[in-house]
Amino acid sequence: MGIFLLHFSPTGSSKRVGKLLAKVWKEPVKRIDLTKQNFEYAHTFNQEDVCYFAVPAFGGRVPALALAHLTEIRGKETPAILIATYGNRAFDDLFLELQDFLSPKGFVVNAAVASVTEHSIVGEFGTGRPNEADIAELNDFAKKIQIKIQAQPSEISALGNKPYRSYQTADYRPLTSDACTDCKLCAEKCPTCAIPYENPRETIFEKCILCMRCIHICPEKARYVDPTAIASLKNHLQEVATGHKANQLFLK
Ligand SMILES: Cc1cc2nc3c(=O)[nH]c(=O)nc-3n(C[C@H](O)[C@H](O)[C@H](O)COP(=O)(O)O)c2cc1C
Ligand code: SF4
Ligand code: SF4
């Protein structure tokens, strides 16, 4: 038996929540980082394995690059747990999209967990989450999932609607200020090689998936999104992403 965590987590929240849920098994968790470039992701999991898939909601959808990197993975009636982190707006049809993708590949989706996290574009939404109460709740979810998989594994019913929410995003492309010291960290860590190693002040916009990783990891805080675009997103989120939203566990 192996416990696997496959995470696509540009700014770290999905990985964090995934680790929290997977550690319930008290076994070493084998992590597969789905943001790596030039990595051989093909793998077949066994029925005795348990796979956690942790991704952020991007426009209420599974990030397309995460799905691309999961293309060659297979299960053999392998229990799967879906984890969606989201910045206090919504996760829309993410679970249905991921379940539709994984079930035909041999995974049995036993559970889905939606976890509210800080919004990776505008941190004023979902600020400080998961907080202590969230962590206690996620630990409780983890135990319930473990009990179900040990006692009576079964596919949950579909969560979401078709057609899936259409993916729409505004222009949140990262720009670079003079604070850049050319350390090249962002170029090394960009999941799509959108930042040229020779000149990390540039961004190849056609390749950028707006994942915000470069902005979060830059030690000089030299990368940023145009403040006008941020202000307009903030305005929109004021209407749809305020107030306390609950984490959710789906087991049936
Ligand atoms: C391009 C993009 C789109 C996003 N879309 C949504 C969304 O539809 N709903 C939401 O609540 N949060 C949204 N967020 C916020 C992220 O889902 C949230 O911050 C997530 O925890 C980031 O995960 P990570 O830290 O693993 O990268 C979006 C963030 C980005 C960068
Ligand atoms: S991480 Fe920041 S300082 Fe380093 S190269 Fe990128 S933008 Fe410049
Ligand atoms: S350049 Fe784009 S794709 Fe690359 S890390 Fe930055 S936001 Fe993500």
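As the structure lists them, so they are numbered: ligands from 1, and atoms in each ligand from 1. From a predicted model like this one, the values you see are computed outputs, not experimental measurements.
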For [X], counting its heavy atoms only, list the atoms of ligand 3 lying under 4.0 Å from any of them.
X: Cys208; value: 1 (S), 2 (Fe), 3 (S), 7 (S)
X: Pro191; value: 5 (S)
X: Met212; value: 7 (S), 8 (Fe)
X: Thr192; value: 3 (S)

Give the atoms of ligand 1, by number and element, whose distance to some non-hydrogen atom of [X] is under 4.0 Å.
X: Gly59; answer: 3 (C), 4 (C), 5 (N), 6 (C), 7 (C), 8 (O)
X: Gly60; answer: 7 (C), 8 (O)
X: Pro10; answer: 27 (O)
X: Glu118; answer: 18 (C), 19 (O)
X: Ser9; answer: 24 (P), 26 (O), 27 (O)

Of the protein's non-hydrogen atoms, which lies at the shortest distance from [atom], and what is that distance?
atom: atom 10 (C) of ligand 1; value: Gly87 N, 3.3 Å
atom: atom 21 (O) of ligand 1; value: Thr117 OG1, 2.5 Å
atom: atom 23 (O) of ligand 1; value: Pro56 CB, 3.2 Å
atom: atom 8 (Fe) of ligand 3; value: Cys211 SG, 2.4 Å
atom: atom 2 (C) of ligand 1; value: Phe58 CD1, 3.5 Å
atom: atom 4 (Fe) of ligand 3; value: Cys190 SG, 2.3 Å
atom: atom 6 (C) of ligand 1; value: Ala57 O, 3.2 Å
atom: atom 25 (O) of ligand 1; value: Thr11 OG1, 2.4 Å
atom: atom 20 (C) of ligand 1; value: Thr85 OG1, 3.3 Å
atom: atom 6 (Fe) of ligand 3; value: Cys214 SG, 2.3 Å

*Donor-acceptor contact below 3.5 Å, side chain Asn131 vs main chain Asp134*: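 Confirmed, Asn131 side chain pairs with Asp134 backbone.
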
_Heavy-atom donor-acceptor pair, Asn110 side chain to Val108 backbone, under 3.5 Å_ =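 Side chain of Asn110 to backbone of Val108, a donor-acceptor pair under 3.5 Å: yes, one is there.
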
*Nearest 0.5 Å, what's the CE-CZ distance between Met212 and Arg223?*
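Here the rounded value is 9.5 Å.
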
*Hey, could you give me the CD/CG distance between Glu137 and Leu249, rounded to the nearest 0.5 Å?*
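Taking CD in Glu137 and CG in Leu249, the distance rounds to 9.0 Å.
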
*Heteroatom proximity flag, Lys15 to ligand 1, N/O under 3.5 Å*: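 N/O-N/O distance under 3.5 Å: no.
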
Extract all donor-acceptor atom pairs below 3.5 Å that involve side chains of residues 53-73 and protein atoms in other chains or at least two apart in sequence.
| unit_1 | atom_1 | unit_2 | atom_2 | d |
| --- | --- | --- | --- | --- |
| Arg61 | NE | Glu97 | OE1 | 2.9 |
| Arg61 | NE | Glu97 | OE2 | 3.3 |
| Arg61 | NH1 | Arg165 | O | 2.8 |
| Arg61 | NH2 | Glu97 | OE2 | 2.9 |
| His69 | ND1 | Leu34 | O | 2.7 |
| Thr71 | OG1 | Leu67 | O | 3.3 |
| Thr71 | OG1 | Ala68 | O | 2.6 |

_Heavy-atom contact check, 4.0 Å cutoff: does Pro219 meet ligand 2?_
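Pro219: in contact with ligand 2 (<4.0 Å).
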
_Crowding at NZ, Lys245 (>12 non-hydrogen neighbours, <6.0 Å)_ =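 Yes - once you tally the heavy atoms of other residues, nucleotides and ligands closer than 6.0 Å, there are more than 12.
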
_Part of Ile209 within contact of ligand 3 (heavy atoms, under 4.0 Å)_ =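 Both backbone and side chain.
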
*asked:* Judged on heavy-atom distance to atom 1 (S) of ligand 3, which of Ile195, Val225, Thr35 sits nearest?
replied: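 Nearest heavy atom to atom 1 (S) of ligand 3 lies in Ile195.
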
*Heavy-atom proximity to atom 1 (C) of ligand 1, best of Leu233, Leu210, Asp92*: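 Answer by nearest heavy atom: Leu210.
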
*Below 4.5 Å, heavy atoms only, C-beta onward: do Gln248 and Phe141 meet side chain to side chain?*
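With C-beta onward as the side chain, the pair stays apart.
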
*Under 4.5 Å between any side-chain heavy atoms of His7 and Ile32, yes or no?*
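They are not in side-chain contact.
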
*Test the Lys105-Phe101 pair against the cation-pi criterion, namely NZ or CZ under 6.0 angstrom from the six-membered ring centroid and within 45° of the ring axis.*
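The answer is yes; both the distance and angle limits are met.
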
*Taking the six-membered ring where the residue is Trp, are the ring centres of Tyr41 and His43 under 6.0 Å apart?*
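For Tyr41 and His43, the ring centres are not under 6.0 Å apart.
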
*asked:* Could you work out, with salt bridge (Lys or Arg N to Asp or Glu O under 4.0 Å) as the rule, every residue matching Glu124, not counting sequence neighbours?
replied: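 Salt bridge (Lys or Arg N to Asp or Glu O under 4.0 Å) list for Glu124, sorted by chain: Lys234.
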
Could you tabulate the donor-acceptor pairs under 3.5 Å formed by side-chain atoms of residues 15-30, not counting sequence neighbours?
| unit_1 | atom_1 | unit_2 | atom_2 | d |
| --- | --- | --- | --- | --- |
| Lys23 | NZ | Asn139 | OD1 | 3.4 |
| Trp25 | NE1 | Tyr52 | OH | 2.7 |

*Would you call Asp182-Arg201 a salt bridge at under 4.0 Å N-O?*
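Looking at Asp182 and Arg201, the cut-off is not met.
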
*Atoms of protein origin (N, O or S) under 2.8 Å from atom 8 (Fe) of ligand 2*: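 Less than 2.8 Å away from atom 8 (Fe) of ligand 2 sit Cys180 SG.
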
